[in-house]
Amino acid sequence: MADVFISYKREDRPAAMRIANAISRQGYSVWFDAELTSGSGWIAEVDKQVRTARCVIVCWSSAALKSDSVLGEAKIAAERGVLTPVFIEDGLKLPPPFNMLHTEGLSHWSGEDSDPAIRRLVDRVGAKVAIGGSLGEAMLAARRAREGKLVAVFAMLESAARDLALDEIKAAIETTRKRLGESLFKLFVVGRMKTGKSTVINALLGRAEGLDKSITEEGPLPVNDLPCTAVLTRLRYAQNPYVEALPKDVKQKREKWSFKDYHRRARIRDENGKKNEELFDKIAEFEVGWPTELLRSGVSIVDSPGVSERPERTAYTKAEVQHADAAIVVYRSEPFAGEDEIEFDRHVTQFAPRRFVLVNMRDGRKLDPGLAGEARDKLGIPDNVSFEQAGVYFVDNLAGLRGRLRGDEQTVEASGLRAFEQRLARFLIDERYDAQIRTVLADTARHAGTLLDKIETQHAALTADKKKVDVELKACRKLLDEVAHRRKRIGDVIDGAQREAKSAAVLSFQNMVYSTADNLHGMIAEERIEGLQGFWATLGAATLQGEKFAKRAVDLLNSAVRRSAETWSTNPPDKPGLAQDLAPTFERLGDNLRHEAQEIDEKLKEVRLRLTSLSVSADVASGRSPIEFVAAHVIGVAVFGPLGSALATGGMRAVVGGVAGLAIGAIVAKIAVVVVAAAFHVVLAPAIVVGLIWATVVGGGVAAAAEGIEERLKAKAVEKYTPTLREMASARKHLSTVEASVAEWFFHAKSRVDAELGKLIESERENLSRIEALSSDQRRRESNLEMLTHVRQTVTEASAATKAIEVSLSAAS
């Protein structure tokens, strides 16, 4: 398999050859068909290479656009996500979908390696080739390529902040820099028990170098014929492997486990005919540290318990998947996809940013028309959409794991794992990672703008009269005191929103419970009690098997209530449910915060104008500066996360589904786990219903009792179930759970915004103190002015470098 395949029309061979030579000089293997002649063997070899190369360069020219072979190769490469097109001729108009891709212009390139156009092409080739390796290799290569360019920028900005003695800004820059080193992505693996989730995770992780084989030879997760994942398991990078059990009781300490115990005990198994469920009743989740490239690259993986294995685990998984960057839904090839799995898949599709489907081809099964048709039918994939376009991959998980552990990449390729890894890498790098890099770039640009603003105000003070400086410094300090007062008011605004949100959440909860109780009979009207079909079955229900069928009737009610609660807790703000009921509160909160932020901005803007007006040379004509809207950005991000910067430019009503939706989602997820999993599993004692049935039997005879008993059984169950359910609407423990979930989010939001505003105010106070110190010594003004000129140049260069990185990201996408 070559790193690069070059597609071109025969008459364009000289230009294609120059590109091939330039790519080869950078250390990449290039497949170039110059040595082949036409014929069936040539066609087969070309098809093989274009389907396996990690990067495909298509040389567009007038002749190439008329070539069916070039267009076909470009289509294959585009579907694989490895296409890197170039123009070798000017004035071309590409057909869809190729006109949507960035295409590097090389029509005027003379062959020099130093030419910016060929260097950009080499960078793009490097990114594609990296994706062609394992997922860990791809992620590490992407981080090196993108973050390496930011290192110099951060160094320049930190140096400037240090020279200006602005500790708060320096700390903020350091915080932004450190974000690049944190875990970046979360992959969530879900599916029914024994679909092969743990196997594919071990395969994705690959070999861990330098490990003692006594720890494990197959990977950190147990792989066994028995169900292996009993509770949620998080995998993170650690140089020294470890396993820790996190207790449900937060007051208790984590418990360290050996890998031997973890593989033996941390799975569902039968002991004397009884499952070891009691072991996990006190364990919330496991955390596994493991030294492998993928985890070191910033990817964390969450292995979830089997879907529908236990209601509380399913609810917890549904809540957690909302925080993933991508969800991988694993099915078995046979039997393929039960109805509960498909239902859960729909939930994943609705809430996860991206969902991939991996069908585990057990026992070496190959994809045949029967399985393909069944997959299309159950997953709802139209015939004109390829499985790859739908994000569906057929992988022999066990073969992929064995190939990866042996270092046998041909086996990995044949298993289908490589193709899946490549698509996952493209998503994580091109969509999720680049989006995160852009967020960092936005913060970096803001830091640079703030530093330039401080330089201008300090420069103005150094060239102004000392007495005038003292007057303005006093006025500025008064303005900052007013900003500090606004900081307290914002805390009051958040407290008020918390009270309102608590009331709205409780009322929403109660309405849902009452509505469910009122409609309970209709919710199960179309459902059948298993085994109650036929006279003898119903006769058994009326006599000997009453308890069994009564319990099944109660199970129907439990399932219906749980579905109602899950719908209420997971519906987005545009559909009836908890999120919709909370949305007005967050709309008002956003509007109020934006108003307060604008007031703070006005004060900060006046501080700047007062300082820059000290010098007639300062540019204050526009009345704008990098400081403008900084308070709205700080408050928005502190409360609502990265999208909260939208507060700086628009009202919350325009972005309630996005910005406020993040906050609502965090609250809803917490409520969903605790309330849906625990509160909505009201197991009514079947004996009560059985007793009522028996009274009917003795009153009308066995045969008469058997007739229509299913409807009577459901009606009696509803009659007894409904009062218990309605009591939940006023049960203090459930209402407290809802209120506590709301309070937890607001507590963290208030703490963050208070801290961030405190830093902003302290930064301005630092600047005033710096100005006072600089202007107090007339003899040192010249050297200070010289220092400011040097720092201004440094920050300007850093700002230009930041913009260049942003441009390169846009070009690459």
Side-chain angles (χ1 to χ4, degrees), residues 149-178 180 440-466 468-469 472-473 476-477 480 604-605 607-622 624-630 633-634 759-806:
K149 297 177 181 179
L150 278 166
V151 170
V153 174
F154 285 124
M156 287 189 287
L157 293 179
E158 288 178 15
S159 173
R162 185 170 53 252
D163 289 341
L164 295 173
L166 297 173
D167 294 337
E168 286 293 337
I169 295 180
K170 182 175 177 292
I173 295 169
E174 289 174 349
T175 299
T176 302
R177 174 174 54 79
K178 288 177 181 177
L180 290 174
V440 170
L441 287 172
D443 282 347
T444 305
R446 184 166 57 87
H447 296 323
T450 303
L451 285 171
L452 286 173
D453 184 76
K454 299 296 187 284
I455 290 170
E456 292 304 320
T457 56
Q458 291 187 15
H459 187 279
L462 283 172
T463 56
D465 178 74
K466 178 66 169 60
K468 186 177 181 182
V469 170
E472 295 301 336
L473 286 176
C476 289
R477 287 193 171 96
L480 289 182
L604 297 178
K605 181 179 174 183
V607 169
R608 177 189 183 263
L609 288 174
R610 282 183 171 277
L611 296 177
T612 52
S613 65
L614 291 170
S615 170
V616 294
S617 65
D619 179 17
V620 294
S622 67
R624 294 183 61 85
S625 78
I627 203 72
E628 199 161 4
F629 291 126
V630 73
H633 172 86
V634 165
K759 292 176 184 177
L760 181 61
I761 295 169
E762 185 58 32
S763 173
E764 293 302 310
R765 293 193 192 279
E766 275 189 8
N767 190 44
L768 295 184
S769 297
R770 178 66 169 165
I771 289 173
E772 186 173 43
L774 290 174
S775 60
S776 63
D777 189 346
Q778 298 288 341
R779 293 172 298 179
R780 298 181 59 187
R781 285 194 176 195
E782 291 299 323
S783 62
N784 287 329
L785 284 170
E786 185 178 342
M787 178 271 293
L788 286 176
T789 301
H790 170 73
V791 174
R792 180 193 284 129
Q793 179 63 30
T794 299
V795 176
T796 301
E797 291 176 4
S799 182
T802 301
K803 292 177 182 177
I805 297 172
E806 173 64 35

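Please read all numbers here as calculations on a predicted model, not as lab measurements. For this chain, numbers begin at 1 and follow the sequence in order.
Residue T176 holds its OG1 atom at 10.5 Å from CG of L441, rounded to the nearest 0.5 Å. Note that the CG atom of L768 and the OG1 atom of T457 stand 8.0 Å from one another [nearest 0.5 Å]. The distance from atom CG of L611 to atom CG of L473, rounded to the nearest 0.5 Å, is 6.5 Å. R446 contributes atom CZ, which lies 10.0 Å from atom CD1 of I169 (distance to the nearest 0.5 angstrom). Between the CG atom of L451 and the OG1 atom of T794 there is a distance of 10.5 Å, given to the nearest 0.5 Å.
Closest non-hydrogen pair, A464 versus V469, comes out as CB-CG2, 4.0 Å. Nearest heavy-atom pair across H447 and A172 is NE2-O, 3.6 Å. Between L157 and A798, the shortest heavy-atom distance links the atoms CD2-CB, 3.7 Å. Between V607 and E764, the shortest heavy-atom distance links the atoms CG1-OE1, 4.3 Å.
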* **Test side-chain contact (heavy atoms from CB on, under 4.5 Å) applied to L166 and T450, step by step** => CA-CA 11 Å; L166 297 173; T450 303; over 6 Å; no
* Decide side-chain contact (heavy atoms from CB on, under 4.5 Å) for V440 and F154; before the verdict, give the C-alpha distance in whole Å, the side-chain angles of both, and the deciding distance to 0.1 Å. => CA-CA 11 Å; V440 170; F154 285 124; 3.9 Å; yes
* Please step through side-chain contact (heavy atoms from CB on, under 4.5 Å) for the pair L480 and L604, ending with a clear verdict. => CA-CA 8 Å; L480 289 182; L604 297 178; 4.0 Å; yes
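Ion pairing of R177 with E158 is present here, as a side-chain N (NZ or NE/NH1/NH2) and a carboxylate O approach within less than 4.0 Å. A salt bridge is defined here as a Lys NZ or Arg NE, NH1 or NH2 lying under 4.0 Å from an Asp or Glu carboxylate O, and R610 with E472 meets this definition. With salt bridges taken as basic N to acidic carboxylate O contacts below 4.0 Å, none links K170 and E766. Here R477 pairs with E772 in a salt bridge; the nearest charged N to carboxylate O distance falls below 4.0 Å.
Using a 4.5 Å heavy-atom threshold, the side chains of D443 and T175 count as separate. The shortest side-chain heavy-atom distance between T444 and I173 does not fall under the 4.5 Å cut-off. Contact check for E762 versus R765: side-chain heavy atoms found under the 4.5 Å cut-off. Annotation: side chain of L164 is in contact with side chain of L788 (closest heavy-atom distance under 4.5 Å).
When atom types are taken as modelled, the side chain of S763 and the backbone of K759 share no donor-acceptor pair closer than 3.5 angstrom. Judged by distance alone, with hydrogens and angles left aside, the side-chain atoms of R792 form no donor-acceptor pair with the main-chain N or O of L452 at under 3.5 Å. For the pair S799 (side chain) and V795 (backbone), a donor-acceptor distance under 3.5 Å is absent.
Here E797 pairs with Q793 under the side chain to side chain donor-acceptor pair (under 3.5 Å) rule; sequence neighbours left out.
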